Structures are given as C-alpha cells and as structure tokens.
Amino acid sequence: MEEKRSFDMIVVGGGPGGCTAALYAARAGLSVLVLEKLSAGGQMALTEAIDNYPGYDEGIDGFTLAEKMQRQAERFGAKTEYAEVLSLDLAANPKRLSTDAGDFFARTVVIAAGAQPRELGLAHEAELTGKGVAYCAACDGMRYKGKTVVVVGGGSSAAADALLLSRVAGKVILVHRRGKLRAEKIYNEPLMRAGNIEFRWNSVVAGLLHGAKLTGVRLRDVATGAETDIDCDGLFISVGRKPSTRLERGQLELDSGGYIAADETTKTSLPGVYAVGDVRAKPLRQVVTAVADGAVAVHMAEEFLAGGA
Amino acid sequence: MAAVNINTEEFKRMISGDKPVLVDFWAPWCGYCRRLAPAYDALADELGGELAFAKINVDDDSAVADELGVEVIPTLIMYKNGRAVDSVVNPGSKGAMERFIRAALAK
C-alpha cells in the first residue's frame, strides 16, 4: 500500500504547540500529520524541569512531557513523520511541503517550527559547539563539574543558567554588555549569594580561544575597547532566541524580529496557514501559551475547511 | 530490528562480526541524547537488515567510552570489520543521521 501523502492538516514541528494542534485536529476528525526532524518537544525537550505547566504539581522533565503530548495526539490518530522540511509552497492548493522524506500535501498547514538559541556569530563558534561552546546549561552543565565556565547574556535565562552552573562548576563568569542585568529581580540575590559567580560588566565576548576544544575567551570592554583573554572550559551562550522562519520568508508576513505576524487567532497572511507557539509574534513564549495556540489554530482551520475554500 | 543496549564485552564481540555496527554513546541525563532516541530507533527498524544498531550508556560503561576517546555525547560511531570508519556528534535530524549512515557504509 502506498504511504499516505495528503492530509487535511500538516503540522510543521512537534513541540508543544504542534502536538496540541495535532491532538485537536485528530479529535476533530481531520487527518493530520506532524513533520518533525528529530523528536517531539522542540526546545522543551531539552528542559530539565518544567515547573510552570499546570497539572504537574511536582514538575516534569521536558522530554517526558513531549513524549506524553505526542502519544496523546497519536492515540486519536495523528501521524508523525521524522522528516525535515526543505521547502514550502503555502499558496498552492493543496499546499505542498517538500521534505528529505519526499513531498507531502495538505489543505491546511500549522507552522509550529519554534525558535532556537541565537548565536554570537563568532569565528569557529559552530565547530566548537559541543566542544566547550554550549547553548543549554540544563543539558550540558553536567560536563563542567568543578570547572570554569563563562555565561554570556543579561536576561532571565542567562541569570538562570549562571545560577544552575554555579551549583555544578567551580567558577562561573557572567559576561554582559551592559552595567546591570535585564533579568527579573528574583535572580539578583541568589546570584550575589552564590559565592562563585564573577561579573564582567560592560563586556562582550570578542573571540574564542581554542585548540581542538575551547580553552578560553577574549573579552572586550565596550567602553574602552580594551581586550583581555580569560581561561575557561566552557562558554554558555544565552543571548536570546530567534524564530525558525527561514522557509516562510517571502511567503508569510513576518515581523521585524522574523516572527510570523499572526494575532491570537493564529491566522497568518495566507488563508489556511496558521502559526502557533514560539514562531508567532506574541508577548509571552511559554509551553502553556504554545499549547493554547495549537487548539485555536485547529478551531480556525475547521472554519476554513467548512467554508469549502 | 530494534536498537540493542550493549556493554563493553558485547561491544567487542559485536564489532568484530561481519555486519557493520552503529553505536550510539549516550547517557540518561543528556537531553540531546534522549532527543536522538526516537529517530535512532526508527532507523534501526528501517535499516536493521543492513547494519546493527547498538547503544552504550557511558555512565554504565565509562571504560569503553574513555578507551575510544568519546568526550562528547551523543556520539555515533560506525564500525566495519572491527574498525571505526566514521563518527558524528549530535546529528540534527533523522535525515542527517541517515545520510551519515549511508556515507559511512560506503567507506
């Protein structure tokens, strides 16, 4: 039997928003396929403990929550294909999604491609990733037991990373381009109290020092331009995220940050195409707001399909 | 055929066999490793006739990982006739894993 290639709905990305869209679509009797390049969960899968998703009073690790969401959608008939989307034609009828596992077609598309950590853009950053350069303290922190690590960034996630690493590493050096953190105030006291966190204010990481692995970083004082080299075993980059919207550029309206322009209805600039989760322009990016988007998108898609368009 | 969990002894026996063996070095605390597992298992089902898929938990068998110089996980190493022919660290998609396997088998 030939594999099914055409669906009422295809969801791009298997994070919480995508899994919820698949769940609601399957329960509404739509044929739905989730295209996911590696595994369910998206960014959530790399989160050690999720303590703000209601219903899990003891917290839950992100990978396990992702597996549960995927299985729940599949229980009602949603399908998952482990394939990476290479190009999209969202204006076509049906809409076409070309992947490394062939072409798929759908009457509606939910973009749930999420976001990824923003890089610093330094020379050799990509090849040193996993060899001292990291973007996820919860995932990679354990490797730096007793060692010296640098954290770059000034927001809440950088502060949380520095705190987490201070419990594992011997010494943490927090580098921030401004004279104080943008992080929520609740982080200030624990950061000061940790005892093994040093601060390098008004500084940026200007270069990576390395052999086969990272050995240190070059810091530049943004006021004076003076450069200093410091030894470290790890560099954790926590300077925000960027949406995964490369494929949609030119087809869907994006905002200045590259996020897909869509309001609470999740409707994008093209009929039958919806944006859910971190990929959508929105004030708060959380698992709970992503899952809410997923439900809304299916409601809108049902209206669209009923309209016979 | 599903991916099998192996220890150091089984590893030595397995890689000296006729069938190529892909080994996934992982640990339960490693988020990137857990994320690889569903696609790795799916590939084991699809390609299990051509090669064997194995997993070594480096927390349980740190000796073999140290001996092979595996410093970063997840690392996949392809063995043919008892010899490592290629390796990849943290492939980003099921497709990337499959392309690595095809290229390594052709070596």
Side-chain angles (χ1 to χ4, degrees), chain A residues 13-15 34-50 61-67 70-71 74 80-86 98-102 116 126-145 168 212-214 233-234 244, chain B residues 2-3 22-48 53 55-62 65-66 68-77 84 86-104:
Chain A
V34 178
L35 295 173
E36 167 55 54
K37 66 179 173 175
L38 189 56
S39 77
Q43 300 166 88
M44 177 177 85
L46 293 172
T47 306
E48 202 176 12
I50 295 178
D61 78 88
F63 190 84
T64 303
L65 182 56
E67 283 184 319
Q70 182 182 29
R71 276 200 302 270
E74 288 177 350
T80 305
E81 178 82 32
Y82 291 107
E84 182 166 8
V85 178
L86 303 174
S98 299
T99 78
D100 57 7
Q116 56 196 48
E127 70 241 42
L128 289 169
T129 300
K131 296 173 183 168
V133 174
Y135 298 87
C136 174
C139 323
D140 299 322
M142 291 292 285
R143 290 183 199 151
Y144 297 93
K145 209 169 274 182
V168 179
K213 288 199 268 184
L214 184 81
D233 304 291
S244 305
Chain B
L22 183 63
V23 184
D24 171 16
F25 293 86
W26 73 289
W29 49 262
C30 157
Y32 291 102
C33 302
R34 294 179 74 187
R35 223 165 48 137
L36 224 54
Y40 192 77
D41 291 338
L43 284 168
D45 287 338
E46 290 167 27
L47 307 174
F53 287 74
K55 300 181 187 189
I56 293 182
N57 179 336
V58 298
D59 280 359
D60 295 341
D61 282 273
S62 58
D66 291 346
L68 297 168
V70 175
E71 290 187 344
V72 178
I73 54 172
T75 292
L76 308 184
I77 305 182
D86 205 358
S87 70
V88 64
V89 173
N90 193 27
S93 68
K94 184 186 174 219
M97 250 190 285
E98 188 168 354
R99 287 190 289 277
F100 162 77
I101 291 168
R102 293 284 172 216

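Quick caveat, the model's predicted, so the values are computed rather than measured. All chains are named by letter (A, B, ...) in the order of the sequence lines, taking the proteins before the strands, and each is independently numbered beginning at 1.
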Just so I understand: if I count every heavy-atom pair under 4.5 Å between each of Lys37(A), Glu67(A), Arg143(A), Lys213(A) and chain B, which residue has the most? Lys37(A)
Can you find a heavy atom in the side chain of Glu98(B) that is under 4.5 Å from one in the side chain of Asp100(A)? no
Does a side-chain heavy-atom distance below 4.5 Å link Tyr32(B) with Asp140(A)? yes
Which heavy-atom pair separates Ala45(A) from Arg35(B) by the least distance, and what is that distance? CB-CD, 3.9 Å
Determine the minimum heavy-atom distance between Lys94(B) and Leu38(A), stating which atoms define it. N-CD1, 4.1 Å
Given the options Gly31(B), Ala39(B), Ala42(B), Gly92(B), which has more heavy-atom pairs under 4.5 Å with chain A than any of the others? Gly92(B)
Can a side-chain donor-acceptor contact be found between Arg34(B) and Thr64(A) if the only test is distance below 3.5 angstrom? yes
